[in-house]
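See below for the structure under consideration.
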Amino acid sequence: MSYPPPPSPGGPAPQPSAPQPQAPAHTSAAGADPAWPSLPDRWWRGTQPHATFPVPYTLVDGFGLFAWFILGQVVIGLPLSFLVVMLGVEVTDLTSPGLLATVLATQASVILSGLGYLKLRGRLNWRLWGPIRPRLSHVGWGLLVGVGGFLSIQVVLGVVLSLLDEADPPEQELLTAVGADPLVTLLIVIAAVVLAPIGEELVFRGVLFQALRRRVGLWASATISSAVFGVVHVEVIGVDALPAVVAAVVLLCLAVVPRFPLVVRLLLGALGLAAVAFAIAAGGWTPVLVPTGLAALGFVLALTFHRTGSLLVPIVGHATFNAIAVGLTLLAHNLDLPV
């Protein structure tokens, strides 16, 4: 061990060397991903892009996975359906266990292939789950968010549709088969309460929201990711209003991007509201209000993910929301009530 030379007689006392700056916890050499960071309290909760948790995802990753989430249902689902038919399994409707098993296999394949894409890009790591390691308390927060979200959104949606004298909102297709028989119900529970929340939260909150948040800030990213989440449930929109609803979502999402000049944003917003009016004229209020309710759920899930720092919260919240819907549908079926 070497020691510094003693100071010369009458010279100034030696000054301690300045500490070398440490690299932030989220950076690493040669692109290797570090371990879970030790974060200063609340630093990652800022609402501005520069203050958010750094993730390796790009907008191409986010919107690419969103597109695959839709197209993969066809690209993977159709060949699987043909294979099942060739094997002599009945796939007439959603009360058929064979068809539901195909739906489950398609969902799982889309999720795994999406994760495989991130793996090939070198971006499959713990950052997908946010800056906070998942904890048991996050399950409790997720349950609270799911129950509160279901009660508030369904109550408000029902009251508004009643005031507008609109028909009851259409159910998602899977729910129509709940109660057909125990096996069918079990398969629906797996699809709606397990696979759908995991897949959708990985895409919309884990990748898309986090990628947007670093570039446009909290509020714009929560709005855009939740609007895309709402419109992806096309079965509750209807064919007549779907083009106008999609156009409205695209225009209104662009209108909230803060990087655009204010005049451009106002013009985009006006065009988006015009598209909403076209959608209402084409299909009534229901095709607009129902995806808006789902978008509101997505917005709440994005905010809870941002505030808790764990993707486990929106996954559990989403699963709880779907579980309540399935449970109430099953209860109505058993009591022979209209659903």
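Side chains included, hydrogens not; waters and symmetry mates left out as well; all remaining heavy atoms used. Treat the numbers as computed from the prediction; the structure is a model and nothing was measured.
One hydrophobic cluster, built from ILVMFWY side chains closer than 4.5 Å, cannot hold both Leu100 and Leu78; they sit in different ones. Under the 4.5 Å side-chain heavy-atom criterion for Ile, Leu, Val, Met, Phe, Trp and Tyr, Val156 and Ile280 are members of the same hydrophobic cluster. Both Val264 and Leu271 belong to a single network of hydrophobic side chains, linked directly or stepwise wherever heavy atoms of I, L, V, M, F, W or Y lie under 4.5 Å apart. No single ILVMFWY cluster, assembled from side-chain heavy atoms under 4.5 Å apart, contains both Phe82 and Val103.
Contact of the Leu218 side chain with the Leu303 side chain is registered, since non-hydrogen atoms from C-beta on lie closer than 4.5 Å. Inter-residue side-chain proximity for Arg133 and Trp126 is flagged as unmet; no heavy-atom pair is nearer than 4.5 Å. Side-chain contact check for Leu301 versus Phe305: every heavy-atom pair is 4.5 Å or farther apart. In this structure, the side chains of Leu115 and Leu202 come closer than 4.5 Å at one or more pairs of heavy atoms. At least one side-chain heavy atom of Pro197 sits under 4.5 Å from a side-chain heavy atom of Asn322. The shortest side-chain heavy-atom distance between Leu83 and Thr102 does not fall under the 4.5 Å cut-off. By the 4.5 Å heavy-atom criterion applied to side chains, Ile198 and Ile315 are counted as neighbours. Side chains of Val160 and Leu289 form a contact here, defined as non-hydrogen atoms less than 4.5 Å apart.
The side chain to side chain donor-acceptor pair (under 3.5 Å) test applied to Ser109 returns no partner, not counting sequence neighbours. Judged as a side chain to side chain contact (heavy atoms under 4.5 Å, CB included), and not counting sequence neighbours, the contacts of Ala191 are Leu104, Gln107, Leu174. Checked against side chain to side chain contact (heavy atoms under 4.5 Å, CB included), Leu242 has the following partners two or more places apart in sequence or in another chain: Val234, Ile237, Val246. In this structure Glu201 satisfies the side chain to side chain donor-acceptor pair (under 3.5 Å) test together with Arg205, His318, sequence neighbours excluded. Partners of Ala211 by side chain to side chain contact (heavy atoms under 4.5 Å, CB included), not counting sequence neighbours, listed by chain and number: Tyr57, Leu59, Arg215. Remark: Trp219 engages no residue in a side chain to side chain donor-acceptor pair (under 3.5 Å) (not counting sequence neighbours). Taking Val316 as the reference, Val139, Leu143, Leu312, Thr320 meet the side chain to side chain contact (heavy atoms under 4.5 Å, CB included) condition, with sequence neighbours excluded.
Applying the salt bridge (Lys or Arg N to Asp or Glu O under 4.0 Å) test to every pair with at least one member in residues 103-117, sequence neighbours left out, gives no pairs at all. Among residue pairs with one or both ends in residues 132-163, those qualifying as ring pair (Phe, Tyr, Trp, His ring centres under 6.0 Å) are Phe150-Phe321; sequence neighbours excluded. Residue pairs satisfying the salt bridge (Lys or Arg N to Asp or Glu O under 4.0 Å) criterion with at least one member in residues 59-87, sequence neighbours excluded, are listed as follows: Asp61-Arg121, Asp61-Arg123. Evaluation of the salt bridge (Lys or Arg N to Asp or Glu O under 4.0 Å) test over residues 284-301, restricted to residues two or more places apart or in two chains, returns none.
Summarising the geometry of Ile153 relative to Gly293, their closest heavy-atom pair is CD1-O, 3.6 Å, with the distance given to 0.1 Å. A pairwise comparison of heavy atoms in Ala105 and Leu80 identifies CB-CD1, 3.9 Å as the closest pair. For Trp68 against Ile76, the heavy-atom pair with the smallest separation is CZ2-CD1, 3.7 Å. The nearest pair of heavy atoms linking Ala248 to Gly272 is CB-O, 3.7 Å. Contact detail for Phe209 and Ser221: the closest heavy-atom pair is CE1-OG, 3.3 Å. Contact detail for Arg214 and Val55: the closest heavy-atom pair is NH1-O, 2.6 Å.
Rounding to the nearest 0.5 Å gives a distance of 5.5 Å between CZ of Phe69 and CZ of Phe204. We find the CG-OG1 distance between Leu252 and Thr223 to be 10.0 Å, quoted to the nearest 0.5 Å. Taken from CG in Leu99 to OG in Ser81, the straight-line distance is 6.5 Å, to the nearest 0.5 Å. Atom CG of Leu187 is separated from atom CG of Leu183 by 4.5 Å, given to the nearest 0.5 angstrom. Note that the CD atom of Glu200 and the CD1 atom of Ile111 stand 9.0 Å from one another [nearest 0.5 Å]. Summarising the geometry, atom OG1 belonging to Thr329 is positioned 11.5 Å from atom CD1 belonging to Ile324; distances are rounded to the nearest 0.5 Å.
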- From CA spacing to verdict: side-chain contact (heavy atoms from CB on, under 4.5 Å), Leu118, Leu65: CA-CA 9 Å; Leu118 294 178; Leu65 284 176; 4.1 Å; yes
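Leu266 belongs to a hydrophobic cluster whose remaining members, ordered by chain and number, are Leu262; membership requires side-chain heavy atoms of ILVMFWY residues under 4.5 Å apart, directly or through intermediates.
Judged by distance alone, with hydrogens and angles left aside, the side-chain atoms of Asp240 form no donor-acceptor pair with the main-chain N or O of Gly283 at under 3.5 Å. With hydrogens and angles ignored, the 3.5 Å screen pairs no side-chain donor or acceptor of Arg127 with any backbone N or O of Pro56.
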